[in-house]
Amino acid sequence: MKILYGTSNKGKLAEINRIIRLEGLHTDVITLKDIHFNEEIIENGKTFEENSMIKAEAIKKFCDKNGIDYEIIITDDAGLCVDFLDGRPGVYSARYAGENATQEQILNKLLEEMKDAKEEEQRTCAFVCVLSGILKDGTKIVKRGETKGRIAYQISKLGGLTYNPVFIPNGFDKTVIEMEDEEFQKVHNHRMAAIEALLSEIKNI
């Protein structure tokens with residue numbers, strides 16, 4: 001099986017390859033860099049599911065037009081959903097404080113909007129990842145994974161993925177950025193959960 005994963009992110013690629021080995025699948029994973037895809041994709045969906053599928057369909061169109069071989073195209077969309085903020089930043093997670101905002105600016109905006117959430121039970125949230133898969137014949141598969149947690153009262157330290165410095169997973173008393181990789185993998189990882197669900201369904205096709 002040949003999987004085209006619509007990403008250029010080395011961390012995401014390493015994660016899907018690790019899960020593929022655990023699932024016992026015999027497959028090759030190629031990325032957008034491998035197919036020289038550099039077209040702009042307008043992600044104007046209102047949900048993670050819509051944005052993820054927009055990316056998958058755009059890459060499929062590019063592959064079919066250019067005769068690029070694949071068996072399934074996988075794309076993702078992910079973000080942070082805060083209950084106190086009615087699900088924001090959601091699909092706007094990456095550009096919550098503007099297109100070119102820094103990590104610190106994004107986190108400061110989030111914490112400012114959370115200032116009236118004094119109690120921990122008011123600061124519940126979830127990291128969400130939605131994966132969309134499109135097979136060569138057009139069959140579509142969509143899977144969703146979530147990691148529940150709460151928003152910290154202050155930024156622990158900058159670095160890592162945008163919201164990691166303020167996201168405390170359920171069962172822990174420290175933010176993701178403060179956790180060792182091995183420790184974090186023991187947490188219900190939203191991207192890992194979505195990938196596992198998607199690959200499990202692929203095995204049955």
Side-chain angles (χ1 to χ4, degrees), residues 1-81 90-95 126-147 160-164 167 176 181-182 184-205:
M1 179 184 292
K2 181 177 284 188
I3 293 175
L4 170 54
Y5 193 11
T7 185
S8 298
N9 185 297
K10 291 181 180 178
K12 292 181 182 181
L13 182 60
E15 187 161 34
I16 194 170
N17 277 321
R18 181 176 64 80
I19 296 170
I20 282 170
R21 289 194 298 272
L22 291 174
E23 291 283 337
L25 289 170
H26 300 287
T27 181
D28 296 318
V29 180
I30 59 175
T31 67
L32 297 183
K33 183 178 179 180
D34 296 316
I35 65 170
H36 307 291
F37 181 92
N38 57 8
E39 297 184 1
E40 182 182 5
I41 299 175
I42 310 252
E43 297 174 41
N44 54 5
K46 297 291 191 294
T47 65
F48 296 116
E49 286 81 2
E50 288 177 1
N51 278 340
S52 182
M53 189 57 72
I54 285 169
K55 286 186 272 191
E57 289 175 339
I59 295 168
K60 177 175 170 55
K61 182 178 179 181
F62 176 87
C63 290
D64 293 346
K65 181 176 70 175
N66 292 284
I68 296 169
D69 186 37
Y70 67 92
E71 288 178 68
I72 182 169
I73 293 166
I74 296 175
T75 55
D76 67 56
D77 195 41
L80 178 70
C81 297
V91 295
Y92 304 105
S93 293
R95 52 191 186 278
F127 269 141
V128 176
C129 177
V130 170
L131 260 70
S132 292
I134 300 185
L135 277 65
K136 191 80 172 178
D137 65 3
T139 300
K140 297 178 180 179
I141 307 168
V142 180
K143 296 295 180 182
R144 183 183 182 102
E146 296 188 6
T147 302
L161 297 177
T162 303
Y163 295 95
N164 283 1
F167 183 86
V176 172
D181 287 343
E182 200 170 295
F184 178 63
Q185 289 304 329
K186 294 177 183 177
V187 179
H188 180 65
N189 184 308
H190 55 299
R191 180 167 284 103
M192 183 171 72
I195 291 173
E196 286 176 342
L198 186 68
L199 293 179
S200 178
E201 184 155 335
I202 290 171
K203 285 168 68 175
N204 297 321
I205 293 176

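Here, residue 1 is the first one in the sequence, and each next residue gets the next number.
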Nearest non-hydrogen partners of [X] and [Y], listed with the distance:
{"X": "C81", "Y": "V128", "answer": "SG-CG2, 4.0 Å"}
{"X": "F62", "Y": "I35", "answer": "CE2-O, 3.7 Å"}
{"X": "G145", "Y": "A194", "answer": "N-CB, 3.8 Å"}
{"X": "L198", "Y": "G133", "answer": "CD1-N, 4.4 Å"}

| task | Please say whether more than 12 non-hydrogen atoms of neighbouring residues, nucleotides or ligands are located less than 6.0 Å from NZ in K136. | result |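 Enclosed: over 12 neighbouring heavy atoms sit under 6.0 Å from NZ of K136.
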| request: Enter the distance from K60:NZ to I72:CD1 here, rounded to the nearest 0.5 Å. | output: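 Atom-to-atom, K60:NZ and I72:CD1 are 10.5 Å apart.
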| said: Among I42, D77, D76, T75, which residue satisfies the side chain to side chain contact (heavy atoms under 4.5 Å, CB included) criterion with N51? | reply: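 Exactly one pass, corresponding to D77.
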| query | So, Y70 versus D28: side-chain donor-acceptor pair below 3.5 Å or not? | reply |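 Judged by distance alone, the side chains do not pair up.
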| task | Tell me, with the steps shown, if S52 and V142 meet side chain to side chain contact (heavy atoms under 4.5 Å, CB included). | result | CA-CA 9 Å; S52 182; V142 180; over 6 Å; no
| Please walk me through it: do S93 and T162 pass side chain to side chain contact (heavy atoms under 4.5 Å, CB included)? | CA-CA 9 Å; S93 293; T162 303; over 6 Å; no
| query | Any side-chain heavy atom of T7 within less than 4.5 Å of one from I16? | reply | no
| query | Taking only residues two or more places apart in sequence or in another chain, which ones pass salt bridge (Lys or Arg N to Asp or Glu O under 4.0 Å) with R144? | reply | E49, E146
| message | What verdict does the side chain to side chain contact (heavy atoms under 4.5 Å, CB included) test give for I134 and E57, after you've listed the backbone C-alpha separation in whole Å, the side-chain angles of each residue and the deciding distance to 0.1 Å? | response | CA-CA 8 Å; I134 300 185; E57 289 175 339; 3.7 Å; yes
| said: Given 3.5 Å as the limit, does a donor-acceptor pair link the side chain of D137 with the main chain of T139, or not? | reply: yes
| Do side-chain atoms of T31 reach the backbone of Y5 as a donor and acceptor pair under 3.5 angstrom? |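 No: the side chain of T31 does not pair with the backbone of Y5.
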| field | Worked verdict on L161 versus F167 for side chain to side chain contact (heavy atoms under 4.5 Å, CB included) | value | CA-CA 10 Å; L161 297 177; F167 183 86; over 6 Å; no
| Which class fits the ring pair F127 and H190: parallel under 30°, tilted 30 to 60°, perpendicular over 60°? | parallel
